[in-house]
Peer 1: 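Right, I'll just put the structure down here and ask away after.
Fair warning: this is a prediction, and the values are worked out from it, not measured in the lab.
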Amino acid sequence: MFGIGLQGKSPNVTSSTLINAYFEFHEEKDRTAVSVHGTPGLTQWVDKGDTPWRGLHAFPTNSLLYGVHRGTFYSINNAKVLVNLGTINSTSGRVDICDDGTYITVVDGAEIYTYNTSTPATPIAAVTDADRPTSPNTCAFQGARILTDENGTGQFKGGGNYDPTAWSAIDFATAESNPDDLIRVTNYRGTVTLFGTHTTEFWSNVGGSGFPYTRIMQADIEYGLAARWSVANFMGSYAFLAKNLEGQVTVMMLNGYNPPTRISNFELESLINNYSTVGDAAGFGYMLGGHPMYQLNFSAAGKSWLYDGSTGYWSELRYGATARHRAEIGVDFINQTVVADYENGKLYLLDDDTYTDNGDSIHTILRGRHIYTDKKKVRFTRLELGLEPATALVSGQGSDPVAGLRVSKDGGHSYGTQTFATMGKIGEYKDRCIWRRLGSGRDLVCEVTITEPIKRVITDSTLIVEDGLS
């Protein structure tokens, strides 16, 4: 019933929709070959008020998380203790943060700042070298150097060996395959990767004196970067929102020096390319019980999408019934995923054992495929869902959990009144959620919604149909 498709161009073609849930396939196929699981909830970790964090960076050497909130640079330990490490000159907009094992480097589109972790009492400071980058948006570490882009040009620049406070006027190079601007510089498998507006290049560190980077010939790819902050570490590669020379955007994953692998599908691409803007897209990757996940947010469109690298399927993420997901930036910190709210100063833990978004209901929605029997009118007598039993709470919301059902009989364009079926109280190992007398029609689509703050595992679904109607 609940297919793996994604409703995009037309509900008559594909009605399937998965919201705040993901599929898991089972090799042994004991009771079921596939189950549906609710996505993780959010547990508040840190709160800095009403403006969002601008950037986060985990530094494993000293088990600290570094971040910029407004104009202040902070360290945070696992006990959630924040330490003010000085200020930068800007107070809004995304920043990029990287490190060389000793120095933390921050760039904000106007200046470059460094913090020496070996002298923690010395606050972060702007680099004053006259040859420093003047408008760096992104940074990366490769070959003992911190590298940055130079905004509005095709250039990338490098600092001194393990010294991002020192820069030379001759330590730069220019992306050569296409005269497009450089959007982001990264380190991909030990190779400098330059994402431009229309193309992407790879440069190798060949050693020697001077600026030691040389373009890898015939390795350029004919896809540029549609959104600077969509690039994310994912499955040993980078996932990103790509733009081809024809102007369409698609979600890609780097594949060595070969053409990138397309991970979006026609339905998602139809939706994304109809957004008024895509340049505000931001993405991050994380692991969820063996599932590599890539979350991609579109601020202006108010949409969040989740790609499961283990299945190749997309689903939608929401906060509440309709809003985009809260998480904008995500980092792995001491085996936990810390995410920053896109709208305020809260940091959360993305937690598979939490069943609310910081106390607010998570709406898990499964909209099924078309039940269509050669244009014949049939009677739908019963829908059953198999659930993991006895996950109800002792008291309050979730102590007597129910699931809601809406039915469409016009091809998925409109839905009837929601009706409810019990999911079982605590200690009741009933694992069936049943709706009866669903009426008749020629094209039925079922939509199940669960908003209870409990564990959500759906093992199977059964729809009983009687045919023979005219």
Peer 1: Applying side-chain contact (heavy atoms from CB on, under 4.5 Å) to Ser304 and Leu306, what does each step give before you reach the verdict?
Peer 2: CA-CA 7 Å; Ser304 297; Leu306 185 67; over 6 Å; no
Peer 1: Is it true that Asp163 and Arg145 make a salt bridge, defined as a side-chain N closer than 4.0 Å to a carboxylate O?
Peer 2: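 No, Asp163 and Arg145 are not salt-bridged.
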Peer 1: Do Asp99 and His57 make a side-chain contact, defined as non-hydrogen atoms from C-beta onward lying under 4.5 Å apart?
Peer 2: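 They are in side-chain contact.
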Peer 1: What do you reckon, is CG of Asn258 surrounded by more than 12 foreign heavy atoms closer than 6.0 Å?
Peer 2: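 Atom CG in Asn258 is crowded, with more than 12 foreign heavy atoms closer than 6.0 Å.
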Peer 1: Decide yes or no on side-chain contact (heavy atoms from CB on, under 4.5 Å) for Thr193 and Thr200, but give the supporting numbers first.
Peer 2: CA-CA 7 Å; Thr193 306; Thr200 300; 3.7 Å; yes
Peer 1: Is the NZ or CZ atom of Arg324 positioned over Phe298's six-membered ring, under 6.0 angstrom from the centre and within 45° of the axis?
Peer 2: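 Checked: cation-pi criterion not met.
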Peer 1: Return yes if a side-chain donor-acceptor contact under 3.5 Å exists between Glu150 and Asn137, otherwise no.
Peer 2: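 Not at all, the side chains of Glu150 and Asn137 share no donor-acceptor pair under 3.5 Å.
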Peer 1: Does CZ belonging to Phe25 count more than 12 external heavy atoms closer than 6.0 Å?
Peer 2: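 Atom CZ in Phe25 is packed in, count exceeds 12.
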Peer 1: Whether the Thr459 and Ser35 side chains hold a donor-acceptor pair (N or O, under 3.5 Å, no angle test) is what I'd like checked.
Peer 2: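 Not at all, the side chains of Thr459 and Ser35 share no donor-acceptor pair under 3.5 Å.
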Peer 1: Between NE2 of His198 and CG of Leu245, what distance do you get to the nearest 0.5 Å?
Peer 2: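 Atom-to-atom, His198:NE2 and Leu245:CG are 7.0 Å apart.
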Peer 1: Answer yes if the side chains of Arg54 and Thr91 hold a donor-acceptor pair under 3.5 Å, and no otherwise.
Peer 2: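 Checked: Arg54/Thr91 side chains show no N/O donor-acceptor pair below 3.5 Å.
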Peer 1: In this structure, is the centre-to-centre distance between the rings of Tyr213 and Phe211 below 6.0 Å?
Peer 2: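 Ring centres of Tyr213 and Phe211 closer than 6.0 Å.
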Peer 1: Going by an N to O cut-off under 4.0 Å, is there a salt bridge joining Arg262 and Glu269?
Peer 2: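 Salt bridge between Arg262 and Glu269, a charged N being under 4.0 Å from a carboxylate O: yes.
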Peer 1: Let's go through Trp314 and Tyr307 carefully: what are the C-alpha distance in whole Å and the side-chain angles of both, what is the deciding distance for ring-ring contact (aromatic ring centres under 6.0 Å, His included) to 0.1 Å, and is it a yes or a no?
Peer 2: CA-CA 5 Å; Trp314 287 87; Tyr307 176 72; 5.0 Å; yes
Peer 1: Does the pair Ile365 and Asn20 meet the rule for a side-chain contact (heavy atoms from CB on, under 4.5 Å), with working shown?
Peer 2: CA-CA 7 Å; Ile365 302 174; Asn20 293 333; over 6 Å; no
Peer 1: Rounded to the nearest 0.5 Å, what separation is found between the CG atom of Leu350 and the OG1 atom of Thr43?
Peer 2: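 One finds 9.0 Å between CG of Leu350 and OG1 of Thr43.
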Peer 1: Check the pair Phe73 / Tyr113 against ring-ring contact (aromatic ring centres under 6.0 Å, His included), numbers first and verdict last.
Peer 2: CA-CA 10 Å; Phe73 180 62; Tyr113 305 85; 9.2 Å; no
Peer 1: Taking the side chain as C-beta and beyond, is there a heavy-atom pair between Ser63 and Asn77 under 4.5 Å?
Peer 2: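 Ser63 vs Asn77: side chains apart.
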Peer 1: What I'd like to find out is whether the side chain of Asp351 reaches to under 4.5 Å of the side chain of Pro40, using heavy atoms alone.
Peer 2: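 No, every pair of side-chain atoms sits at 4.5 Å or beyond.
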Peer 1: Is Thr191 close to Gln142 at the side-chain level, that is, under 4.5 Å between some pair of heavy atoms?
Peer 2: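 No - every pair of side-chain heavy atoms lies 4.5 Å or more apart.
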Peer 1: So, for Phe156 and Trp203, is the gap between ring centers shorter than 6.0 Å?
Peer 2: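 Judged by ring-centre distance (under 6.0 Å), Phe156 and Trp203 do meet the cut-off.
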Peer 1: Quick check: are there more than 12 heavy atoms from other residues, nucleotides or ligands sitting under 6.0 Å from NZ of Lys243?
Peer 2: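 Count not over threshold, so no.
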Peer 1: Relative to the ring of Tyr162, is the ring of Phe141 parallel (under 30°), tilted (30 to 60°) or perpendicular (over 60°)?
Peer 2: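 Phe141 vs Tyr162 ring planes: tilted.
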Peer 1: Between the side chains of His291 and Ser310, does any donor sit under 3.5 Å from an acceptor?
Peer 2: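 Ser310 and His291 do have a side-chain donor-acceptor pair below 3.5 Å.
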Peer 1: Within a strict 4.5 Å, meaning less than it, do heavy atoms of the Tyr223 and Thr199 side chains meet?
Peer 2: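 Result no, sub-4.5 Å side-chain heavy-atom pair not found.
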Peer 1: Hey, does the Lys NZ or Arg CZ of Arg94 hover above the aromatic six-ring of Trp229, less than 6.0 Å from the centre and inside 45° of the axis?
Peer 2: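 Judged by the rule (NZ or CZ under 6.0 Å from the ring centre, within 45° of its axis), Arg94 counts as positioned above Trp229.
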Peer 1: Taking the six-membered ring for Trp, are Tyr74 and Tyr66 closer than 6.0 Å centroid to centroid?
Peer 2: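 Not close enough - the centres of the two rings lie 6.0 Å or further apart.
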Peer 1: Going by an N to O cut-off under 4.0 Å, is there a salt bridge joining Asp220 and Arg215?
Peer 2: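 A salt bridge is present here (some side-chain N lies under 4.0 Å from a carboxylate O).
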Peer 1: How long is the gap from CG on Asp181 to CG on Asn151, to the nearest 0.5 Å?
Peer 2: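 Reported to 0.5 Å precision, the distance equals 7.5 Å.
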Peer 1: Quick one: does Ile183's side chain get under 4.5 Å of Thr197's, heavy atoms only?
Peer 2: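 Yes, close enough: below the 4.5 Å cut-off.
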Peer 1: Verify the neighbour count for atom NZ of Lys409: are there more than 12 heavy atoms of other residues, nucleotides or ligands below 6.0 Å?
Peer 2: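 More than 12 heavy atoms, drawn from other residues, nucleotides or ligands, come within 6.0 Å of this atom.
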Peer 1: With ring centroids as reference points, do Phe195 and Phe240 lie under 6.0 angstrom apart?
Peer 2: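 Yes, they do, as the ring centres are separated by less than 6.0 Å.
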